[in-house]
Amino acid sequence: MEWLLPLILQIVIPADSLMQVTLNKSLAQVIQEQISCRKEFNEAKKEFEEANTIDDPLIRLIAIDKLRRTVLLRCGVRP
């Protein structure tokens with residue numbers, strides 16, 4: 001059982017670094033958002049799919065981020 005924690009850390013630390021570089025959020029924040037707001041994110045799936053079809057990458061990013069923040073506020077998680 002002692003080997004399990006180092007194994008988990010070998011996976012989590014690089015994943016956390018990657019999340020911070022790509023999304024500017026820690027892995028803990030992403031997990032909290034997904035666990036706390038799963039129902040709200042599922043309800044907004046259609047809106048996310050529509051926003052993902054926007055051709056301009058910057059406008060798409062802004063639309064998805066705005067939608068994500070709205071969903072987080074609905075479920076009480078600070079974005």
Side-chain angles (χ1 to χ4, degrees):
M1 197 65 169
E2 290 178 9
W3 58 271
L4 187 58
L5 183 58
L7 179 64
I8 291 171
L9 290 176
Q10 285 181 352
I11 295 169
V12 170
I13 291 172
D16 187 45
S17 298
L18 180 63
M19 293 295 285
Q20 287 186 6
V21 168
T22 57
L23 298 176
N24 200 25
K25 294 186 289 183
S26 72
L27 185 59
Q29 286 175 306
V30 172
I31 291 171
Q32 179 190 15
E33 290 175 6
Q34 292 302 316
I35 290 173
S36 300
C37 302
R38 173 177 270 166
K39 178 183 168 202
E40 287 80 3
F41 274 105
N42 285 339
E43 290 172 358
K45 186 175 182 177
K46 184 177 179 182
E47 289 88 357
F48 277 105
E49 289 173 353
E50 289 173 4
N52 207 22
T53 62
I54 298 172
D55 289 333
D56 186 330
L58 182 59
I59 295 173
R60 180 175 55 236
L61 177 66
I62 292 169
I64 290 173
D65 187 56
K66 183 179 178 182
L67 183 56
R68 185 185 133 272
R69 289 175 182 271
T70 302
V71 170
L72 291 176
L73 288 173
R74 271 191 286 179
C75 70
V77 174
R78 195 180 110 234

Could you measure the distance from the [atom1] atom of [X] to the [atom2] atom of [Y]? Nearest 0.5 Å is fine.
X: Glu47; Y: Phe41; atom1: CD; atom2: CZ; answer: 12.0 Å
X: Arg68; Y: Leu73; atom1: CZ; atom2: CG; answer: 9.5 Å
X: Lys46; Y: Glu49; atom1: NZ; atom2: CD; answer: 9.0 Å

Practice item. Of all the heavy-atom pairs spanning Ala51 and Ile64, show the shortest one and how long it is. Key: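 Minimum heavy-atom contact is CB-CG1, 3.8 Å.
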
**Study point:** Heavy-atom closest pair, residues Asp55 and Arg60
**Key:**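 Here Asp55 and Arg60 meet closest at O-NH1, 3.7 Å.
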
Practice item. Please tell me if the side chains of Asn42 and Lys39 come closer than 4.5 Å, counting only heavy atoms from C-beta onward. Key: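 When only atoms from C-beta onward are counted, Lys39 and Asn42 do not touch, as no gap falls below 4.5 Å.
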
**Study point:** Residue among Ile62, Leu61, Asp56 satisfying side chain to side chain contact (heavy atoms under 4.5 Å, CB included) with Ile59
**Key:**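 Testing Ile59 for a side chain to side chain contact (heavy atoms under 4.5 Å, CB included) against Ile62, Leu61, Asp56 leaves exactly one candidate, Asp56.
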
Check your understanding: With the 4.5 Å side-chain cut-off for hydrophobic clustering, are Phe48 and Leu72 part of the same group?
Key ->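 Yes; tracing contacts between hydrophobic side chains, which count when under 4.5 Å, links both residues.
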
